[in-house]
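Not measured: the values here are computed from a predicted model. Quick note on labels: first sequence line is chain A, next is B, and so on, each numbered from 1.
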There are 2 protein chains.
Amino acid sequence: MSNRPVTVDDVAKHAGVSIGTVSRVINNAPHVSRKARDAVERAIDELGYVPNRTAQSLAGQRRGSVVLAISSDDPGLFANLFFAQVVTGVNAVVEETDLELQLVLAASDKGRARLSRIFKSRAADGVMLLALKENDPLSALAESSGLPVVHGGRSLDHEPRFYVDADNRGGAREAVEYLISLGRKRIATITGAQDQHVGVARYLGYREAVVLAGLDDSRVAHGDFTETGGEAAMTDLLDRFPDLDAVFVASDAMAAGALSVLASRGVQVPSDVAVVGFNDIVTAQHTTPALTTVRQPIDALGREMTRMLLRLIDGDTPTSLILPTSLVRRESA
Amino acid sequence: MSNRPVTVDDVAKHAGVSIGTVSRVINNAPHVSRKARDAVERAIDELGYVPNRTAQSLAGQRRGSVVLAISSDDPGLFANLFFAQVVTGVNAVVEETDLELQLVLAASDKGRARLSRIFKSRAADGVMLLALKENDPLSALAESSGLPVVHGGRSLDHEPRFYVDADNRGGAREAVEYLISLGRKRIATITGAQDQHVGVARYLGYREAVVLAGLDDSRVAHGDFTETGGEAAMTDLLDRFPDLDAVFVASDAMAAGALSVLASRGVQVPSDVAVVGFNDIVTAQHTTPALTTVRQPIDALGREMTRMLLRLIDGDTPTSLILPTSLVRRESA
DNA sequence: GCCGAAATTGGAAGCGCTTACAGAACCTTA
DNA sequence: TAAGGTTCTGTAAGCGCTTCCAATTTCGGC
């Protein structure tokens, strides 16, 4: 066992060909005779040769890696099932290629700086960006970098060129229509942050459904997607609209908060007030009562983002995608 | 704006020095005069130069990246808060360096192959391995690769050279001692998979506490860490030991299952039976009643693994770490 | 104001690969 | 069988950087 790793030269020598030929075999480029190819492949096997990615990318034009970047202000945000699931989906597709997956959590300035260096120095073949801040300077940088960039979700200020998003508006609308079909008439909503596209879209879905049914859309409290935010909003709602008979909550976390407020006030769910959440995080199965909610295809989001990025890298021009949601009926509505 | 990225040569020319000097400045190596350093730094600024990582690692000895690998058989496993939190911790430390973080989910053969290529071709400066299978061939490969490797958790068959683990045994023991301090006498346990170190360690902690207190340690049902496994085990326990007054459950997921069985049998928690879980996943706050559980410092696990790896890369010899757990008291005990 | 040692610098040789380019080998056709 | 294509193959020039070495400069002490 030599200590020095095996290189193309070793393979070339062993196979009795030139390094050019070895390289062609590795990249299965044309213009290699059957005989030469066999010899090289045997040599690779016998020597246990593994190409040096670094050298490949320095010499060639592809970097050999894609990055998944999460840009937000909340350092704890990644500790969230949502991202874990996105990563799973991304990985499933990346795994089929020989690309490497690089993760960048751009919650801090350091993280952001790192990401912008990647853009500037084109240190990857492409980037998937989950930009959670509105007006994220990174989005602009990403677009102008010339690197293939796929966005997860949209933002209020700017529709990215290529993105994959869930049908937040449609999902919300479906949820509310379901409540209506249950005979509920005084339907409130707890919205998510209204400075984010997702928050606005779900609110819009609510209004759309309520207004189309000729119902009152004024029972609104604004939340921030967190559990405590949900508690506050539910309390507020109950105080202002004691007559409400259903609530569409723009996230499961907020819904969990809402449920506990409802319970502590002695309000029966779903008999007195029906509750529907959004996201279908695991927790939704364990609330009391189990939460009826809108499921987002999160791993599909990851998968489709990655597929889209790969096509972009290949020079294709994919079209952005809106993934359908689905209502998961449990006990709360 | 030229299209060609700025290189050392450009900087050297602009600063009126040689590329050797530029390189020294970049890597802040000694033997550079104040004057030269200033000139180079100014040039870097003015030109917006960003070193090409690929070239750096090809020329130098460091790769510039570390990998976080999760080796398991369950493709869905990563979609688990545990990993998301580990990643958060890892990222926090990696972010302080100029290393890149590469993620490898080695659940499939492809993933595993990828990981072993990394080992063989030393395509990273080091790897953090969360090997969840016992007897994972990857562990052996990792050790023999000569690359710095830090393990998260231990395995039954083999104590890794460098690892970070939670104090599973001590945490379990503390949980059971707490139940004892509550006056419970007939304490059962639902164990985790007994072919994993973590499962065995928690079981050992249970026995240690129970036996030391002179109580009976025979009320045991084996689970598999899943919710349904917890349900089955709880049912079994209730049938075999109708007199039990407490259960230490080796994971929160199983505890959730146990709680629902308890509820359906009309057993009051905690008055009839006290329940303590392990892990403190988010769900633990939302069960009914809220679950008393042992918290693992998961992000600390990620952080410490990374610190350990960095030291290893620097040529130090760190010592393995066992991180303390803490009991989180909620309503179930 | 001179000497040797130490600090600084430039230049060049790679790192392991890809990719023209040009030459060699092999087929076609007439 | 020779001309004119094709298809292979080897060679060499980089990719952008680090680092070694030798050359140059600087500097303290006499």
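- B:Leu103 CG to B:Met128 CE: the interatomic distance, rounded to the nearest 0.5 Å, is 10.0 Å.
- Using a 4.0 Å cut-off between charged side-chain N and carboxylate O, B:Arg303 and B:Asp299 make a salt bridge.
- Each side-chain hydrogen bond (donor to acceptor under 3.5 Å, both in side chains) pair with one or both residues in residues 27-44 of chain B, not counting sequence neighbours, appears once here: B:Ser23-B:Asn27.
- In this structure, NE2 of A:His31 is placed 14 Å from P of C:dC21, rounded to the nearest angstrom.
- Comment: B:Glu95 does not engage A:Arg114 in a salt bridge, judged by the lack of any side-chain N to carboxylate O separation of less than 4.0 angstrom.
- The side chain to side chain donor-acceptor pair (under 3.5 Å) search around B:Ser155 returns B:Asp157, not counting sequence neighbours.
- Contacts of A:Ala29 with the nucleic acid, taken as non-hydrogen atoms under 4.0 Å apart, are absent.
- Axis angle between the ends of the helix from C:dG1-D:dC30 to C:dA30-D:dT1, five pairs each and rounded to 10 degrees, works out to 30°.
- Computed from coordinates, the A:Lys35 NZ to D:dC8 P distance equals 13 Å when rounded to whole Å.
- Evaluated for a side chain to side chain contact (heavy atoms under 4.5 Å, CB included) with A:Val32, the options A:Val17, A:Val25, A:Val40 yield exactly one hit, A:Val25.
- Applying the salt bridge (Lys or Arg N to Asp or Glu O under 4.0 Å) rule to pairs touching residues 52-64 of chain A yields A:Arg53-A:Glu100, sequence neighbours excluded.
- Identified under the side-chain hydrogen bond (donor to acceptor under 3.5 Å, both in side chains) test for residues 142-152 of chain B, with sequence neighbours left out: B:Glu143-B:His151.
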Nucleotide by nucleotide, nucleotides 16-27 of chain D touches protein heavy atoms under 4.0 Å in the pattern (B base, S sugar-phosphate only, - none) BBBBB-------
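- Here A:Ser33 does not reach the OP1 or OP2 of D:dT7: none of its side-chain N or O atoms lies under 4.0 Å away.
- When rounded to the nearest whole Å, the span between NZ of A:Lys13 and C1' of D:dT9 equals 17 Å.
- In this entry the distance linking CZ of A:Arg63 with P of D:dC15 reads 13 Å, nearest Å.
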